[in-house]
Amino acid sequence: MQHLVPGSVIGILGGGQLGRMLAMAAAQLGYRSHVFCPDAKFPADQVTGLVTRAEYGDQAALRSFAGSVDVVTYEFENIPVETVEFLSTNVPVYPSAKVLEISQDRLHEKDFVNQLGIATADYAGVSSLEEARVALEKLGCPAVLKTRRLGYDGKGQVMIRTPEELEAAWQKLNSDQLILEGFVSFDKEISVIAARGRDGEIRCFTPAENRHKNHILDTSIAPARIDEALHKEAVAIGSRMIEALNYVGVMAVELFVSTDAPRLRVNEIAPRVHNSGHWTLEACATSQFEQHIRAICGLPLGGVELYGQAVMTNLIGEDIRDYEQLMQDPAANVHHYGKIEARPGRKMGHVTRLYDFSEKLDV
Ligand code: AMP
């Protein structure tokens, strides 16, 4: 199969830290990157010479962007599907518009996962308060009411502990495109970062264990501390999903390790590199960013074996003030995303440490 030769240009939609780290991985392999982003200033801007600042609906800008790149990818899933469809008529785009569409809607996403015979939380799409009442009676409390679209980091969702709380939750979300999910009682949250090449080869990184603070990812620990059978099953789920989607690139699958059967339930998929895979930068021969670039450029996938246990901690908002102190620790691999303003909840950087497999982790 033809792969893109070094010197080719990779178009990246979105210019955040994920776009920045993709551009850095592309540069390592001899590719140039052209970032398309509506913002005035963005983290990927600092590491790539080719930039288009325009809205995602700007067809003239998209046409000219498509003409200047050899392949297009994206670093976040809230790009309009129409943008990806428009670009796809001129240049290969990975992952496809179809994948993007499924991942943008929690109801379509859960339907897709269940059609594959893979478990999720119990759920129902609801478009009126009356429908939500009926669904809540079936699913029971506690439950979680969520917007079908555009939710992230705990935004766009409300926990319902008693039936009396439903109406207020409905008013708060203020939409008729909602999904009600049964609450999954879980031991852990894990994720699998899976990759599929243009030739159909699939490789998955080891599942990581994820902890959140204020609904934002705080720490990822790899490998996840779950038994061997669950490890294998999580990887099998990642592989089945990426295959079924005929996907090209890196995809993250977030799962609950439920306290009762079925033990593994998919929470959501992200059609992109993912925060819970940043530890691959130091812990594996190939990072998730390089793997994604390899996949979309038609190169063979790289090795995913783990060199040791890895603990990645996000530096959120003011945490970035620890930067100088972290630099004193020779074991800390510190990443700063080049953002100047440390707003609360903003992902400013991360730090990864590796440990021997024999070491008992204190996290
Ligand atoms: P989400 O935006 O769907 O990823 O949800 C954010 C976080 O809320 C998840 O990482 C879970 O910790 C929690 N959560 C979401 N949905 C459920 C559910 N159905 N059962 C239990 N916890 C949930």
Side-chain angles (χ1 to χ4, degrees), residues 18 76-78 100 102-114 118-126 132 135-163 165-166 169-170 172-175 177-194 207-222 224-226 234 237-238 241 251-278 312-314 316 345 347:
L18 300 178
F76 82 122
E77 60 272 40
N78 290 328
L100 186 63
I102 292 173
S103 70
Q104 282 182 351
D105 184 323
R106 291 182 193 276
L107 184 59
H108 293 165
E109 188 175 72
K110 286 209 165 49
D111 287 346
F112 164 75
V113 175
N114 281 277
I118 298 169
T120 60
D122 296 330
Y123 67 100
V126 289
L136 187 64
E137 235 162 73
K138 214 168 110 207
L139 296 173
C141 285
V144 192
L145 189 64
K146 302 183 180 180
T147 54
R148 282 171 55 177
R149 298 176 157 271
L150 297 174
Y152 68 99
D153 289 345
K155 293 187 177 67
Q157 58 177 276
V158 184
M159 176 90 158
I160 296 169
R161 290 182 179 80
T162 63
E165 290 179 1
L166 179 64
W170 184 269
K172 184 167 179 209
L173 293 179
N174 190 26
S175 159
Q177 294 256 303
L178 300 179
I179 180 171
L180 187 71
E181 294 182 14
F183 186 80
V184 177
S185 150
F186 59 84
D187 284 333
K188 280 185 165 57
E189 293 184 81
I190 63 169
S191 56
V192 179
I193 310 288
E209 178 178 332
N210 302 321
R211 302 232 194 100
H212 299 83
K213 256 191 211 162
N214 305 322
H215 294 286
I216 300 173
L217 181 68
D218 177 58
T219 303
S220 288
I221 303 152
R225 291 161 298 181
I226 53 177
I237 287 173
M241 288 178 56
M251 177 175 100
V253 184
E254 295 184 75
L255 304 112
F256 296 118
V257 181
S258 167
T259 50
D260 39 45
R263 296 291 312 280
L264 291 182
R265 298 174 192 233
V266 170
N267 178 28
E268 60 182 357
I269 59 177
R272 55 169 169 83
V273 287
H274 195 256
N275 194 171
S276 69
H278 288 0
M312 186 285 313
T313 305
N314 270 337
I316 309 278
K347 291 177 179 167

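In this text the structure is predicted, and so the values were computed from the model without any measurement. First listed ligand is number 1; within each ligand, the first listed atom is number 1.
In the vicinity of Glu189, heavy-atom distances shorter than 4.0 Å reach the ligand 1 atoms 9 (C), 10 (O), 11 (C), 12 (O). Close contacts between ligand 1 and Val184 involve ligand atoms 18 (C), 20 (N), 21 (C) [criterion: under 4.0 Å to a heavy atom]. Counting the atoms of ligand 1 from 1 in the order shown, those under 4.0 Å from a heavy atom of Glu181 are 16 (N), 18 (C), 19 (N). Ligand 1 places these atoms under 4.0 Å from at least one heavy atom of Gln157: 1 (P), 2 (O), 3 (O), 5 (O), 6 (C), 8 (O), 15 (C). Residue Phe186 approaches ligand 1 through these ligand atoms, each under 4.0 Å from one of its heavy atoms: 12 (O), 21 (C), 22 (N).
Heavy-atom separations between Lys155 and ligand 1 are all 4.0 Å or longer. For the pair Arg106 and ligand 1, a heavy-atom separation below 4.0 Å is found. Using a 4.0 angstrom heavy-atom cutoff, Gly182 counts as in contact with ligand 1.
Donor-acceptor pairing under 3.5 Å is recorded for the side chains of Ser191 and Asn210. There is a side-chain donor-acceptor pair under 3.5 Å between Thr259 and Ser185.
Note: Met159 CE to Leu145 CG = 12.0 Å, rounded to the nearest 0.5 Å.
Backbone and side-chain nitrogen or oxygen atoms of His215 are examined, and none is located within less than 3.5 angstrom of a nitrogen or oxygen of ligand 1. Between Phe183 and ligand 1, not a single N/O pair is under 3.5 Å apart.
Nearest heavy atoms, Ala252 versus Ile193: CB-CD1, 3.8 Å.
Residues Val158 and Val144 form no side-chain contact, since every pair of their non-hydrogen atoms from C-beta on lies 4.5 Å or further apart.
Under the 4.0 Å criterion applied to side-chain N and carboxylate O atoms, Arg263 and Asp187 are assigned as salt-bridge partners.
In this structure Tyr123 satisfies the side-chain contact (heavy atoms from CB on, under 4.5 Å) test together with Leu107, Lys110, Asp111, Asn114, Thr120, Ile179, Glu181, sequence neighbours excluded.
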